[in-house]
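Written out below as structure tokens is the structure these notes cover.
All values below were derived from every heavy atom in this structure, side-chain atoms included, with hydrogens, water molecules and symmetry-related copies excluded. Letters A, B, ... are given to chains in the order of the sequence lines, protein chains preceding strands, and every chain is numbered from 1.
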Amino acid sequence: PAPAEAGRAPGPPDGGWGWGVVFGAFVSIGFAYAFPKGLAIFFKEIQDFFGTSYSEIAWVSSIMLATTYGAGPISSILVNRYGSRPVVMFGGLLCGVGMISAAFCTSILQLYICVGFITGFGLALNLQPSVIIIGKYFLKRRPIANGLAMAGSPVMLCTLAPLNQFLFDNFGWRGSFLILGAILLNCCVAGALFRPIGAGTALVKTQVTEEGKDALKGKITEDGPMENKTEEEGEKDCFEKVNQYLDFSLFKHRGFLIYLIGNVLMFLGFFAPIVFLAPYAKHTGIDEYSAAFLLSILAIVDMVARPTTGIVANSKWVRPRIQYFFSFAIAFNGACHLLCPLASSYTGLVVYSSFFGLAFGMVCAMLFETLMDLVGAARFTSAVGLVTIAECCTILLGPPIGGILIDTFGDYKYMFIKCGAVMVLAGTFLFIMNYYNYRMLAKEEKERKKKEEDPKSVRTENEGKKNWNKDSIEDGPELEPLREKGEELKKEMNGT
Amino acid sequence: EKNISLASPAKIELTCKLDENSNLKNPQVTWKRGSETISHTSKTQNSWTIQLTISKSSEMGSYTCILKAEKEVSATFNLHVPKIDGREKPIIAYEGDIAVMVCKTEYNPWAWTWYMANGTELVPIDKILPMDKFKIKRPSISVNRLEILKLTREDCGVYWCEAAFELGGSKARFELRVLSIVAPLKPFIAIVAEVAIFVTTIVLYEVYSKRKAKGGEKEFDQIEQL
């Protein structure tokens, strides 16, 4: 049987329109992560214009970042209710409106609102749904899809940085904000690509769109048990209605808790080195352009590392143990930072930047993939919202703590040591806890198999890593009958 | 070569030191300013120093120490008034809006003056009427701000900021360009149009493929009936 026919099975398409969705997610995620960083070019001019201090301007960036991460749960609730597409399109509109109104601001406070809150919220409505919809469209090739989509961030950053400079030189900050507002409307285009898909009728529609007719009625009965299962999950908890929008029962989920603690810890040391890389380079006597070039090296290596990590994570050796790979990437990142103070020359810093870019890309590519892997596509929507709001605090704290360390000791190396230590700790924690988690899951799977006789039950990724491993390579037994039926119908069609 | 900024009169010591590993042995050392020779105040085995009292701007300039032996080596000290930071790239502002030019320095000048360039002539801003068009603020001793209100196209041009130090003045250049609101609107509308076209195309494609599928479904029902 040809592998292409696996797309007809009751599960994510893993291709076809999915690649269009990946492109949309690429654009959306790219804007969400790269846009706040790209704005830094305008800050000096705005600072002069309004006569404020540097820290007052820096608040714009912080508010934007805080809103993008803090509005995660709201984004999740909206996606749970309305689906990804309307949320992303509304987010794109919001971003556009935010930046366009920012072009007409007359005070720094108005900038906080327009650029910080409104655009930040719009970006939050872009980020979450993009990540969620990849989980709905891909299963077998999900790590690759995630890696490709997350590659949007460095690519957009490399595009936005010179573009922003060009806009600024030709139109000043007001004109640039106006044009950037229009550019952010492209998120609506990305949203338009997010064709709804899911259990029940939506899935039926896409199958019908893609190929001929196969087991249409058969599919509806297959999806039946799956729908019942999601209803079941909702009824298990007392706060049924709240859980329908935001699944708080996730806090009882072992894998989710492990991920949450590990990631919150990791983000304390994640972003600070990037923020301080250029100042550190200038501090060691390197000129401004070479220092900026270090960041470019980082971005280019990052760009390549993300899809590559996706491909590696998708291979049959790594995928079942993807949590270990993720822990390794975090620890590797930490090791880079710990070794950075040893690099004193420019070549040393170039080497550090390359390795940092590689490690950074590896972690980012798998950031959401591992969460999906632990929690499953159905609950991922709520999971990602809860995780981002928890990360929000540490993300905001990381660079300022690094700054305090630098100011207190007058030396950058303590900041690098702190970041490295935190990340190595986070990586080790995740490694150990996931080893424990895998063992518990295997035990639970054995117990469940003893109770259940029916091997054809629909599974989520949460259960039975070993069995699921087989499925992902050889297409488990449940898919066989459907494929045969499909072939029969195809012959019929060709006959006429 | 070394640059030294002097804001107010001071006593300065300039020293030329010969590296121990150098090949020059017992060189003859002369301190010069232009063509004028200055006698050195003190000397050790491999360093030669002169002491200067700078109290006028005419006493500033380049001072060179020349060491003559088998080869001739020299080092120059440039004494000058502190440079002030302006803006190399043009400042872009819009009609009806405010233009802001900020002049900064690390030293403390005792006066700031702003000029507008009219051809080759420099016209001080405070002589220009109406008075409510320009606002000059001094947020601190070393920073000065010029705000030009109610901008029009005629305000385009070059502006100079001058900081007066005891030992002379120092200038910084600003170029102002005033654009009309239409300028950024053109790319803006172009991008919005592009977004609208893409979204419409995608939606239409989706509707079209659904209709094609529905049409196929009718075919399928007919086959079943057969």
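Contacts with chain A (heavy atom to heavy atom, under 4.5 Å) involve these residues of residues 144-151 of chain B, listed by number: Arg145(B).
Taken together, the cysteine pair Cys95(A) and Cys187(A) keeps its SG atoms at least 2.5 Å away from each other.
If you check the side chains of Asn78(B) and Ser62(B), you find a donor sitting under 3.5 Å from an acceptor.
Proximity to chain B is limited to the side chain of Ile100(A), based on heavy atoms less than 4.5 angstrom apart. Using a 4.5 Å cut-off between heavy atoms, Arg87(B) touches chain A through its side chain atoms alone.
Between Phe26(A) and Trp19(A), the ring centre distance reaches or exceeds 6.0 Å. Ring-centre distance between Phe42(A) and Phe177(A): below the 6.0 Å cut-off.
Looking only at heavy-atom pairs under 4.5 Å with chain B, the residue among Asn186(A), Asn170(A), Leu185(A), Leu193(A) that has the most is Asn186(A).
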Name every donor-acceptor pair, under 3.5 Å, that has one atom in a side chain of residues 185-200 of chain B and the other anywhere in the protein, sequence neighbours excluded.
| unit_1 | atom_1 | unit_2 | atom_2 | d |
| --- | --- | --- | --- | --- |
| Thr200(B) | OG1 | Ala196(B) | O | 2.4 |

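The ring-ring contact (aromatic ring centres under 6.0 Å, His included) pairs that include a residue from residues 156-187 of chain B are Trp114(B)-Phe174(B), where partners are two or more places apart or lie in different chains. Sorted by first then second residue, the disulfide bond (SG atoms under 2.5 Å apart) pairs that include residues 164-195 of chain B, not counting sequence neighbours, number zero.
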